[in-house]
Student: 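Okay, here's the structure, questions in a sec.
Counting from 1, the numbers follow the sequence of the chain as shown.
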Amino acid sequence: MNTVELRKQIEQNLLQISPQNLKTIAKFVEFIKQQENSQNIHPLLPETIAYKPASGQSVLRHAGQWVGDDLEDCLDFVNQTRGKVLTNKHINPFE
């Protein structure tokens, strides 16, 4: 079956689908398009990437001890100004 015939068959089947299921199909089509776009962005990445977890040693070479009496104030400031994480809900609408 060629692409034109397949499209016609899909169109004929869509005429018989309920509105609620059409919404689900529309979400699924968007999901497939996103997957294709992400594959087109990184098509040359190898299947497996050799990864060695960081040991943290390079950071510890520069670390010292906290000097001062404002550690609690700094932690409070960080907690008060921390923002919420925004997530993209369109990555996989079926999860």
Student: List the residues meeting side chain to side chain donor-acceptor pair (under 3.5 Å) with N79, not counting sequence neighbours, and say none if there are none.
Tutor: R82
Student: Who pairs with R7 by side chain to side chain donor-acceptor pair (under 3.5 Å), at least two apart in sequence or on another chain?
Tutor: none
Student: In terms of hydrophobic clusters joined by side-chain contacts under 4.5 Å, are L71 and V78 together?
Tutor: no
Student: D76: what forms a side chain to side chain donor-acceptor pair (under 3.5 Å) with it, not counting sequence neighbours?
Tutor: none
Student: Give the table of side-chain donor-acceptor pairs shorter than 3.5 Å for residues 8-17, with sequence neighbours excluded, one pair per line with atom names and distance.
Tutor:
{"residue": "N13", "atom": "ND2", "partner": "Q9", "partner atom": "O", "Å": "3.3"}

Student: Go through the structure and list residues passing side chain to side chain donor-acceptor pair (under 3.5 Å) with T3, not counting sequence neighbours.
Tutor: none
Student: Take Q20 and K23 through the test side-chain contact (heavy atoms from CB on, under 4.5 Å) and record every step on the way to the result.
Tutor: CA-CA 5 Å; Q20 182 61 34; K23 289 179 184 178; 4.3 Å; yes
Student: Among all residues two or more places apart in sequence or in another chain, which pass the side chain to side chain contact (heavy atoms under 4.5 Å, CB included) test with N2?
Tutor: V4, E5
